[in-house]
Visitor: 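Quick one: the structure is below, questions incoming.
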Amino acid sequence: MTKVASSVDLDARFAVSEHVHCRRFDDEVVVLDLQSGDYFALNETAARIWEGLTGGRSPREMVAEIAGDSEEDVERVAGDCVAFVSRLLDEGWVTLR
Amino acid sequence: MEWDSVVAMRADRDGRITRLEPAPSASPVIASKVAQATARAFACRMSGGLAIHASAVARDGVAIACLGDSGAGKSTAARELCGRADLQLLADDVLGVRRDAGIWRAHPTEQIHWIFDGADVKRAFPARSPATGPARLSRAVLLRFDEACVSPRLRPLRGSEAFQGLLEGSLRFDRSIPACREEIDMLADLAAAVPFDELSRARGTPCSEVADRLAALLEGRGDVE
């Protein structure tokens, strides 16, 4: 099991919040907060995680997939993924299912 | 809809303005600008289009739009272009765009150029040749200043960059979530359908040089670097 110090449950499932909308453009995904007007462009890896999580997959599954494809260290990928998911939860862009 | 102490407007569900009445106490300059541009762009939005902070000109039914921050040169570029043969003013500051039968068209909103007279006051200059109908939007250009540019420089904006450029320039009248979703999807479709470039130049670059580049783009002579 991957050891990552975080408050994010690696087996959790997420849903896109009602006030959030996203659009894909080639390798990037733009996520828009319709309440605040803020928006962010996600790079290729972040976009992949976003689409995986909001498509019903868990952080653990996404970490395994990305680490497998990139041959990067699993703990490093997990750390990045957890930080990203924490940000999504803090911003209120996703909710736990 | 009413802009407090400025102008009252009524439009039908197809976006046709049926009443446009300046308030008695309104500044004639502000009332005229709101009545002409914002109200017509709002009507365009109400009829399923978008309202964008942009100037635009057209020739032979084909339009080019200029976006950018306030002071970026949108109005100046439009006026310079409209001083040339056959070019018509569609918008000085606020443009309505709508997809009709799969084609994005720019709809005329203004017949007046609003240009700073050297101080902080904008003066109205009636357009020599205002457009009387919509034109196919063939190109959008984001104007900006960059002191490192020796001459005007074009850079294509594609994908999320184009979308973000349009998003920054869109005017929102309805902040409900369904309306925002609809607008964002339309902006994304517009970004995918219409080529969008960034035109950078140093301050002090002659207006004619900027207009030359824009006119070339309008004629389909895209020389993006």
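The basis for the numbers below is simple: all heavy atoms, side chains too, and nothing from hydrogens, waters or symmetry mates. Chain identifiers are assigned alphabetically (A, B, ...) following the order of the sequence lines, protein sequences preceding nucleic acid strands; residue numbering begins at 1 within each chain.
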Visitor: Does A:Arg23 form a side-chain contact (heavy atoms from CB on, under 4.5 Å) with B:Asp189? I'd like the steps, not just the answer.
Guide: CA-CA 10 Å; A:Arg23 289 287 304 218; B:Asp189 291 345; 3.5 Å; yes
Visitor: For B:Arg181 and A:His21, work out which heavy atoms get closest and say how close.
Guide: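 That closest heavy-atom pairing would be NH1-ND1, 3.0 Å.
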Visitor: For B:Arg45, give me all partners under salt bridge (charged side-chain N to carboxylate O under 4.0 Å, His left out), at least two apart in sequence or on another chain.
Guide: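 Once residues adjacent in sequence are excluded, the partners of B:Arg45 under the salt bridge (charged side-chain N to carboxylate O under 4.0 Å, His left out) criterion are B:Glu182, B:Glu183.
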Visitor: What's the spacing between A:Leu34 CG and B:Ile184 CD1 if we round to 0.5 Å?
Guide: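 Those atoms lie 4.5 Å apart.
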Visitor: Answer yes or no: does atom CG of B:Asp100 have more than 12 heavy-atom neighbours from other residues, nucleotides or ligands under 6.0 Å?
Guide: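 Yes, the 6.0 Å shell around CG holds more than 12 heavy atoms from other groups.
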Visitor: Could you please state which residues from residues 35-57 of chain A sit under 4.5 angstrom from chain B, measuring non-hydrogen atom to non-hydrogen atom, sorted by number, or 'none'?
Guide: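 When heavy atoms of chain B are the reference, residues 35-57 of chain A contributes A:Tyr39, A:Ala41 within the under-4.5 Å range.
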Visitor: How about B:Met186: does its CE atom have over 12 heavy atoms from other parts shown lying under 6.0 Å from it?
Guide: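 Counting neighbours around CE of B:Met186, more than 12 heavy atoms of other residues, nucleotides or ligands fall under 6.0 Å, so yes.
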Visitor: Please name the pair of heavy atoms, one in B:Ala188 and one in A:Phe25, separated by the smallest distance, quoted to 0.1 Å.
Guide: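 Nearest pair, atom of B:Ala188 first, then A:Phe25: CB-CZ, 3.9 Å.
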Visitor: Do A:Val30 and B:Leu167 come within less than 4.5 Å of each other through their side chains, counting heavy atoms only?
Guide: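 When only atoms from C-beta onward are counted, B:Leu167 and A:Val30 do not touch, as no gap falls below 4.5 Å.
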Visitor: For the interface with chain A, which of B:Glu168, B:Arg175, B:Arg172 has the highest count of heavy-atom pairs at distances below 4.5 Å?
Guide: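 So the answer, after comparing B:Glu168, B:Arg175, B:Arg172, is B:Glu168.
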